[in-house]
2 protein chains.
Amino acid sequence: MDSVWSRPKKAPRQTLTLGRIVAEAVALLDEEGVARLTMRRLAERLDTGSTTLYWHVRTKDDVLDLALDAVFGEVRLPSRDRPPEGGWQRPVRELIGGWRAALLRHPWSATILDRPLMGPNALERTEFLYAALSAAGFAAPKPAAYSLSNYVMGSVVMQVTWQDRDEGGTGDFLAERAARYPSLAEHGLDHAWDATFEEGLGYLLDGMDQALHRRTGAP
Amino acid sequence: MDSVWSRPKKAPRQTLTLGRIVAEAVALLDEEGVARLTMRRLAERLDTGSTTLYWHVRTKDDVLDLALDAVFGEVRLPSRDRPPEGGWQRPVRELIGGWRAALLRHPWSATILDRPLMGPNALERTEFLYAALSAAGFAAPKPAAYSLSNYVMGSVVMQVTWQDRDEGGTGDFLAERAARYPSLAEHGLDHAWDATFEEGLGYLLDGMDQALHRRTGAP
DNA sequence: CCTCCACTCGACCAGTGTTCGACTTACTAG
DNA sequence: CTAGTAAGTCGAACACTGGTCGAGTGGAGG
C-alpha cells in the first residue's frame, strides 16, 4: 500500500539547487536591496552553510548574473508574426515597455546593469529586438537596437536612483538653488515617469521611422 | 632677506584637503578601477592614515560622489548664444558628445552612475541642457532632457561593460549560438561605438525636431 | 562490504568601511 | 609667555565581507 508514510525516503527537505538559490536571491534582493545581499544571509535563508553555495556557484557575481537574467526572464516576448499588425513599432514598444516594467519591479537590477548581459533570457530578448528591427527594414539594426536598449537601461537607472533616495529632500534642494539653475528648478521637478518615458520613446521611434523612410524613399 | 630657507614654516608637505583627496581618488580609479578603491589605499597614496580621511569626508560614498562630479566637471559647456548658429541641435550635440567623452575617459564612472547626480558640475550641465531645449521651443523640456541623458548614460554603461570584460571571448560565444540568436550573431558584433552612438543620437534629435515642428506648425 | 562521488560545512584568511578616543599641532586670548 | 581651544591626525579595534581548505556526510553501484 502506497502512502506518504511508506515512502519517507526522498527529500524531507528539498535539496539545494541552482534554481532555488537564484529564486531566493531574487527574493532577498527584492526585500532588502543589493547592499544586503550577502552569501551568508542568502545561505541562512536557504538553511545552509554559506560555503555550500560555493559548490553551486563560483562567485557572488554569478549569483547576481543569474538573478539579473531571471528578471529579464519576466519580460514577455511579443508574438512574432510578420509583418506585425499596427506597424513595426508595435512589437518594439511592447518589448521595451515590458523590459522597463520588469526592471522597475526589481529596482536593485538597475544598480547591477553594469555587466555584460549574456544570460539566455537577456539574449533572447535582444535577439527579438534585432529581428524585429531587421524585419522593419533596417539593413543594419545595430544602432537602432543599441539606442533602444540604452534608452531603457538609462531611464530605469535614473528613475530608480531618484525614487529610492529622494523622499522629498531634492525639491527643497533645487528650490534653494533656483537662482543658479532656473530652468532645471522650473521644469525638472515633476516626476511623471511613465508619461516622460513614453514621450521620449516616441522621439526615438519617430526618428528611427524617419530614417527608415528616408532610406526606402516611401512616405 | 627672503629665501626659501627663511620661510620654512608653511607646508613642508602640502596639507590634506578635500580637493587633494578627490584628485587622488580619481587618479586611483583611473589606474586601478572602482573595485580597488579602498579608503586605506587612498589614504596610503596621500601619505595619511585611513582614518584621517573621515575627518574630511563622511563616507566612502562621499568620495565617489565627489569623484564622479569631478568627471562631469571635465565636460566643456558650449557657448550660450541664442539663437545658436547651426540650429538648436548644435549645442545639444556638443554637450552630449562631451558628456560621453568625459565618462568614457574614466570608465569606472559608468559603474557609479546609479546615484543622484546633485554635484554642482552635474547640475550645471543639466541646467544647460534644460535651457537649450527650452530655448529650442520645448514648452516642457523635461522629456527631451530626460531622453538625452538616459541615452548618454546608457550608451556609456553598455560600451564600458563590453569593452572592459570582453577581450574577444564574446565573439566566439555568440558565434557558437548563432543558430539560436541569428540576427544578433549577424548584426550585433561589430563595435563601431562612435558611429553607432552618433546614429542613435541622430534618431533621438530627429524625433525631437519632428515633435517641435509638429507643435510649431512650421516646416 | 567497500568505494566512489556529489554534496555539505566549520574554521579560517585577508581585507573592508567605519568608529573611538587619545594625540599632536597652530593659533588666540589673557 | 603661558593656557586654552580648536582643527586636524591617527593606531587600535569592531563587525562584517567574499572566498578557500580540507575534512566530513550519505547514498548508489559494484
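Throughout, a chain's letter reflects where its sequence line sits, starting with A, and its residues are numbered from 1. Quick caveat: nothing in here was measured; it's all calculated off a predicted structure.
The distance between atom CG of Leu16(A) and atom P of dG26(D), rounded to the nearest whole Å, is 17 Å. Rounded to whole Å, the distance from CG on Leu46(A) to C1' on dC7(C) is 15 Å. Taking atom CD on Glu44(B) and atom P on dC10(D), their separation rounds to 13 Å, with Å as the unit. Distance Asp47(B) CG to dG11(D) P: 12 Å, rounded to the nearest Å. If you take CH2 of Trp55(A) and P of dG18(D), they are 21 Å apart, rounded to a whole angstrom. As a whole-Å value, the separation of Leu42(A) CG from dG19(D) C1' is 15 Å.
Environment of CZ in Arg41(B): crowded, with over 12 heavy atoms of neighbouring residues, nucleotides or ligands closer than 6.0 Å. For Arg45(A), the CZ atom sits in a packed shell: over 12 heavy atoms of surrounding residues, nucleotides or ligands are nearer than 6.0 Å.
Aromatic rings of Phe197(B) and Tyr151(B) (six-membered ring for Trp) have centroids within the 6.0 Å cut-off, being under it.
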Enumerate the protein-to-nucleotides 14-20 of chain C contacts in which both atoms are nitrogen or oxygen and the separation is below 3.5 Å.
from	atom 1	to	atom 2	distance (Å)
dT16(C)	OP1	Thr38(B)	OG1	2.9
dG17(C)	OP1	Lys60(B)	NZ	2.8
dG17(C)	OP2	Met39(B)	N	3.1
dG17(C)	N7	Arg40(B)	NH2	2.7
dG17(C)	O6	Arg40(B)	NH2	2.8
dT18(C)	OP2	Tyr54(B)	OH	2.8
dT18(C)	OP2	Lys60(B)	N	2.7

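Phosphate proximity of dC9(C) to Thr52(A): present, with a side-chain N or O under 4.0 Å from OP1 or OP2. Listed pair His56(A) / dT8(C) meets the phosphate criterion, a side-chain N or O lying under 4.0 Å from OP1 or OP2.
Under a 4.0 Å N-O distance rule, the pair Arg20(A)/Asp47(A) does not qualify as a salt bridge.
Between the side chain of Thr59(B) and the backbone N or O of Asp61(B), at least one donor-acceptor pair lies under 3.5 Å.
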>> Apply side-chain contact (heavy atoms from CB on, under 4.5 Å) to residues Thr38(A) and Glu44(A) and explain how you reach the verdict.
In response: CA-CA 10 Å; Thr38(A) 285; Glu44(A) 198 181 353; over 6 Å; no

